[in-house]
Protein chains: 2
Amino acid sequence: MNAPAPVVGRLPGYLQALESLLRQGITTVSSEELARRCGVGSAVLRRDLSHVGASGRRGVGYDCAQSAARLRVFMGLDRTRRIGIVGAGRLGSALADYAGIRTSGFELVAVFDVAAPVVGSVVGGVPVAHLDALPEVAAERGLELLVIAVPGPQAQEVADLAVAAGVRGLLNFAPVVLSVPSGVHVQHVDLATELQVLAHYTAAAPAPAPVSIPAPVSAETVVISRESQ
Amino acid sequence: MNAPAPVVGRLPGYLQALESLLRQGITTVSSEELARRCGVGSAVLRRDLSHVGASGRRGVGYDCAQSAARLRVFMGLDRTRRIGIVGAGRLGSALADYAGIRTSGFELVAVFDVAAPVVGSVVGGVPVAHLDALPEVAAERGLELLVIAVPGPQAQEVADLAVAAGVRGLLNFAPVVLSVPSGVHVQHVDLATELQVLAHYTAAAPAPAPVSIPAPVSAETVVISRESQ
DNA sequence: TGCTGTGAAGGTTTTCACAGCA
DNA sequence: TGCTGTGAAAACCTTCACAGCA
């Protein structure tokens, strides 16, 4: 029932692509076409989808609506997941107003901060509460996932508070490795890390060597993204 | 000379940890200790470091300064890399002001936007230029990497412009799969994707485990981060 | 003695290629 | 005929365990 981490990391892309197709009124798609849109190989896509129980019709392709539904179930998105954001600065408020939150299966139910001026103002459609109120607010509103958008030094403290309040998933934007108990999941996004990875891949200015085979598709995309345990 | 993608994804963490140790005046560290701080296994760390040519002393550990230097070379950070940001909204300006950019080996040399009011204002220490000026500005200032922090519909257009201007690394925050020519690298960060991955891992919502098995280490961290080709 | 560096083993993910169904 | 679903093989990454050096 559980998929390998690399697979899990690719599934959101498939789901987003399928929903995009549905919005365009397209109801069926081949693995080839869907894979192209997601920047993966078609064999990978077929295996990944078979992993989540989505099945296509031979000779036809995948039913977008059905496959998306299967993916949502598999991702735990068959019900709306309640998220909160700590940190109502520019990063936090930008994330709070990102429309993709709602359309991806989430509901923003709380925003927290410690700065007096912003507490009480409305960000992302919800009033900003003081961080100290997190335990009560989390319980009241059934908070499940928390985005941490605070300065590094405060991140661990926020994580501890969240874990104590029963939050089992953290999305950490602070440049700090969080320490959490077993059973709590942390997804870490760090600007410096991403830039350094890019720096590595663009370090050698000379000609590229990896692929010698002439690509079948005109524009070959080298996308490096998420993953691992 | 080139490392596997999972390795490359872990290297920035090592580098950041080593620099943190150096700031604390610690000059030597064992693989065990460094691995703990980075949330990886010590065997993985040793192999990764041997991969980049960093060598420790048996019976002693790794020299922080020397290892960090080796990592910087390997990551292409032995010289300062010049980056730009497109999109001076809340996300873009938050990123521009993030101090970690400078301390991680980068120099912010340009910020672009299309909105009349912000063009000309100063963000992240540089004046905001109009997106149309990207080709000239990129050439003038030797722009190498570009962060894309614009709405989804505009991202591909920005990417095309950047690629035409010779930029070979893109960090894309827009919820769109970019199509770029071979040789250009794209690192994609998407809030919805991260949240959906978290949703998956926290889908089964069993009771919050009280205090069960006393862990050997006080806090066991389940960190899920970056990686893959 | 202590900790690194690394063969060898093991496990996992990707790729290939094609059988099989609509 | 067209495209999926999946064995089997290959490639890859991690883990283990210990030889070897300071």
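Remember, it's a predicted structure, so these values are computed and weren't measured experimentally.
The existence of a salt bridge linking B:Arg82 and B:Glu107 is excluded, since no basic side-chain nitrogen approaches an acidic carboxylate oxygen closer than 4.0 Å. We find that B:Arg72 and B:Asp78 are not joined by a salt bridge, their nearest charged nitrogen and carboxylate oxygen being 4.0 Å or further apart.
Nucleotide C:dA22 forms a pair with D:dT1, judged by Watson-Crick or G-U wobble geometry with both contacts under 3.5 Å. Nucleotide C:dA17 is matched to D:dT6 when pairs are restricted to Watson-Crick or G-U wobble geometry with both distances under 3.5 angstrom.
OP1 and OP2 of C:dC18 both lie 4.0 Å or more from every side-chain N or O belonging to A:Arg58. Using a 4.0 Å cut-off, some side-chain N or O of A:Tyr62 falls inside it from OP1 or OP2 of D:dG5. For the pair A:Arg10 and C:dT14, the criterion of a side-chain N or O lying under 4.0 Å from OP1 or OP2 is met. Under 4.0 angstrom from either OP1 or OP2 of D:dC3 there lies no side-chain N or O belonging to A:Ser31.
Atom pair B:Leu34:CG and C:dG5:C1' shows a separation of 16 Å (rounding to whole Å applied). Taking atom CD of A:Glu33 as the reference point, atom C1' of D:dT4 lies 16 Å away to the nearest angstrom. Distance CG (B:Asp63) to C1' (C:dG5): 17 Å, rounded to an integer number of Å. Between the NE2 atom of B:His51 and the P atom of C:dG7 there is a distance of 13 Å, given to the nearest Å. Atoms CZ (A:Arg70) and P (D:dG5) sit 11 Å apart, rounded to a whole Å. Between the C1' atom of C:dT1 and the CD atom of B:Glu32 lies a distance of 16 Å, rounded to the nearest Å. If you measure from atom CG of A:Leu45 to atom C1' of C:dT13, you get 15 Å, rounded to the nearest angstrom.
As judged by a 4.0 angstrom heavy-atom cut-off over every strand, A:Arg57 is placed among residues touching the sugar-phosphate backbone only. Residue A:Ser42 is classed as having no contact, given no heavy-atom separation below 4.0 Å to the nucleic acid.
Within 3.5 Å, a donor on the side chain of A:Arg47 pairs with an acceptor on the base of C:dT15, or the reverse.
Side-chain proximity of A:Arg46 to D:dT14, D:dT15, D:dT4: nearest is D:dT4. The nucleotide whose nearest atom lies closest to any side-chain atom of B:Ser30 is, among C:dT4, C:dA17, D:dC16, C:dT4. Side chain of B:Pro4, nearest nucleotide from C:dG5, D:dC13, C:dG7: D:dC13.
Distance check: B:Arg102 CZ to B:Ile83 CD1 gives 8.5 Å after rounding to the nearest 0.5 Å.
Checked by atom type and distance alone, the side chain of A:Gln156 pairs as donor or acceptor with a backbone atom of A:Ser179 at under 3.5 Å.
Between the side chains of A:Thr202 and B:Arg168, not a single donor N or O lies within less than 3.5 Å of an accepting N or O.
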